Asker: 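Please read through the structure below; I'll follow up with questions.
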Amino acid sequence: MSTGKRIYRLALLPGDGIGPEVTREAVRVLEAAANRFGFVVETHEHPVGGAALAAGLDVLPAATLEACRNSDAVLLGAVGGPTWDHVSPEQRPERALLGLRKELGVFVNLRPVVVSDSVESASPLRPELVTGVDLVVVRELTGGIYFGASFENPTCDDGRVDQAGNVMEYTRAEVERVAREAFKLARRRRRKVTSVDKANVLGVSRLWRDVVSSVHAAEFADVELQHLYVDNAAMQLVRNPRQFDVILTGNMFGDILSDLAGTLPGSLGMLPSASLGGTTGLFEPVHGSAPDIVGTGKANPLAAILSVVMMLDSLHESDASAAVQIAVAASLAAGLRTADMAKPGAHLVTTRQMGAAVARQVAGDSLPDDQVLLAEQLYSHL
């Protein structure tokens, strides 16, 4: 019998390393939001990356891909790790992520970076530089050097690769569509787009700059457009990050710049992402699999939880999305810190305890004010 509730089918791909740990907490928070706001999330877990290889499957099993296509959203943990450094290029776990993006047709990747007063102390930059930062990296996701022609020629006597190459290429249509998404996003924010390229050296970047300028002039003249070379953009990100609103760039430059932006709040463990534009949205933390801290409780689940915020927003569950975002902010303001963000002498919480704190906030239970919380006391029963 129908419950009358909104039902969403979620493909859950925990993946490798800390992926299962942070995904578990993201789902915990998602379930708290569903219970509070009256919808249902049906989660179905599938192997991907190294976890799929360990099960004797391809890095992106056909059944996993089909499940993703038939879902309302996909939540991914992380893929990769040193265990698979020496497998063939076609079977590296990272190929699963590239394949998933391509097969789902998600061509625009949104990576927001926000630095609130409560986390400014975690940043390696001075507070006056980072407090109030609110920017989004819009990264083209299915073109460029990661998807261009490549080769690795094992010409050495011992079989090692002696020559390799990768082609960076874009079509006008590929640049046009991601540029439009960046300009539309800027219209909802502070109406400024900074397009990043290397047009002084690369022909593909000259195409990029020409197309972005054309789209701007024809359709978005009300939005300010700035062009920066990627090396200058990297410097400006750490020198004066508050100047940025929407940063638009290609696949490789976006990968690098968004990771660099992780220094602003102090940790990649704070950076979520959404890959959109295709048949199904793909949501994942920006950080990698961090195999060195697996099982230690040190992993920061907030990037995965904030990816749930973006997922809920894409599903038009705006009240739930806002509630999770507020819960994350409240937990940080209350002093909760995982190991990646804690200063010496800080009271630490584990991956599980941070997830429990956020879920408790989402459910409507308030954390005590005016004190730093000792998670071992408050959440030992969870």
Side-chain angles (χ1 to χ4, degrees), residues 11-29 43 45-61 64 68 74-101 109 111 122 124 146 152 161 252 254-263 265-273 275 282-308 337-342 346 348-356 358 375:
L12 196 60
L13 314 182
D16 310 320
I18 62 171
E21 299 174 40
V22 299
T23 301
R24 186 180 305 116
E25 300 313 313
V27 171
R28 182 205 294 251
V29 172
T43 59
E45 187 171 320
H46 305 277
V48 72
L53 288 176
L57 304 170
D58 291 333
V59 289
L60 180 56
T64 296
C68 292
V74 179
L75 181 62
L76 175 71
V79 294
T83 301
W84 305 281
D85 280 351
H86 304 294
V87 302
S88 66
E90 295 77 18
Q91 286 297 300
R92 288 182 65 91
E94 293 80 5
R95 300 302 300 180
L97 183 53
L98 298 180
L100 192 59
R101 291 167 177 169
N109 182 242
R111 297 188 168 190
Y146 294 162
E152 296 182 38
V161 172
M252 182 173 71
D255 191 359
I256 296 168
L257 290 177
S258 58
D259 278 13
L260 174 62
T263 63
S267 171
L268 281 176
M270 289 292 296
L271 269 58
S273 78
S275 300
L282 172 63
F283 304 88
E284 57 181 308
V286 170
H287 62 69
S289 61
D292 55 318
I293 60 170
V294 171
T296 65
K298 294 181 178 180
N300 188 342
L302 292 182
I305 292 170
L306 290 169
S307 295
V308 165
R337 295 292 185 274
T338 45
D340 56 318
M341 298 187 68
L348 300 182
V349 295
T350 64
T351 309
R352 182 184 176 95
Q353 290 163 344
M354 180 65 89
V358 177

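Note that this is a predicted model, so its numbers are computed, not measured.
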Asker: Where is the tightest heavy-atom contact between Val286 and Pro272, given as atom of each residue plus distance?
Answerer: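 Shortest heavy-atom separation between Val286 and Pro272 comes out as CG2-O, 3.5 Å.
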Asker: Flag the pair Thr64 / Asp58 as yes when at least one side-chain heavy-atom distance between them is below 4.5 Å, and no otherwise.
Answerer: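 Sidechains of Asp58 and Thr64: no contact.
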Asker: How far does CD of Glu284 sit from CG of Leu13, to the nearest 0.5 angstrom?
Answerer: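 So the CD of Glu284 and the CG of Leu13 are separated by 9.5 Å.
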Asker: Taking the side chain as C-beta and beyond, is there a heavy-atom pair between Thr338 and Pro301 under 4.5 Å?
Answerer: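 The answer is yes, as the side chains (C-beta and beyond) meet within the 4.5 Å cut-off.
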Asker: Hey, could you give me the NE2/CD1 distance between His287 and Ile18, rounded to the nearest 0.5 Å?
Answerer: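 Separation between the atoms: 4.5 Å.
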Asker: Of all heavy-atom pairs between Asp340 and Gly269, which one has the smallest distance, and what is that distance?
Answerer: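 Closest pair (atom of Asp340, atom of Gly269, distance): OD2-CA, 4.1 Å.
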Asker: Heavy-atom count around Arg95 CZ within 6.0 Å, excluding the residue itself: above 12?
Answerer: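 Open.
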Asker: Of all heavy-atom pairs between Leu348 and Ala342, which one has the smallest distance, and what is that distance?
Answerer: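 What the structure gives for the nearest pair is CD2-CB, 3.0 Å.
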Asker: Determine whether Glu25 and Asn300 make a side-chain contact, defined as any pair of heavy atoms from C-beta on separated by less than 4.5 Å.
Answerer: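 Sidechains of Asn300 and Glu25: no contact.
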Asker: At what distance, to the nearest 0.5 angstrom, does CG of Leu60 lie from CG of Leu53?
Answerer: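 So the gap between those two atoms works out to 11.0 Å.
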Asker: Backbone N or O of Ala299 within a donor-acceptor pair of the Thr351 side chain at under 3.5 Å?
Answerer: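 Pair found, side chain donor or acceptor close to backbone of Ala299.
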Asker: What are the two closest non-hydrogen atoms of Ser273 and Ser307, and how far apart are they?
Answerer: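 Nearest heavy atoms, Ser273 then Ser307: N-OG, 3.5 Å.
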Asker: With a 4.5 Å heavy-atom cut-off, do Trp84 and Val59 have their side chains touching?
Answerer: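 A side-chain contact is absent here, since even the closest heavy-atom pair is not under 4.5 Å.
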Asker: What verdict does the side chain to side chain contact (heavy atoms under 4.5 Å, CB included) test give for Leu271 and Arg111, after you've listed the backbone C-alpha separation in whole Å, the side-chain angles of each residue and the deciding distance to 0.1 Å?
Answerer: CA-CA 7 Å; Leu271 269 58; Arg111 297 188 168 190; 5.9 Å; no
Asker: Please give me the minimum heavy-atom distance between Gly355 and Val29, naming the atom from each residue.
Answerer: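 Looks like O-CG2, 3.8 Å.
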Asker: Rounded to the nearest 0.5 Å, what's the gap from CZ on Arg24 to CD on Glu45? Could you check?
Answerer: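 So the gap between those two atoms works out to 9.0 Å.
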Asker: Will you find, in the side chains of Thr350 and Gln353, an N or O donor that is under 3.5 Å from an N or O acceptor?
Answerer: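 Indeed, the side chains of Thr350 and Gln353 share at least one donor-acceptor pair under 3.5 Å.
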Asker: Can you check whether Gly80's main-chain N or O pairs, donor with acceptor, with Ser289's side chain at less than 3.5 Å?
Answerer: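 Yes; at least one donor-acceptor contact below 3.5 Å.
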Asker: Enter the distance from Cys68:SG to Leu100:CG here, rounded to the nearest 0.5 Å.
Answerer: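 Rounded to the nearest 0.5 Å, the SG-CG separation comes out at 5.0 Å.
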Asker: Of all the heavy-atom pairs spanning Pro265 and Met341, show the shortest one and how long it is.
Answerer: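 Taking Pro265 first and Met341 second, the nearest heavy atoms are O-CE, 3.5 Å.
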Asker: Distance check, rounded to the nearest 0.5 Å: Ser267 atom OG versus Arg337 atom CZ?
Answerer: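 That separation rounds to 11.5 Å.
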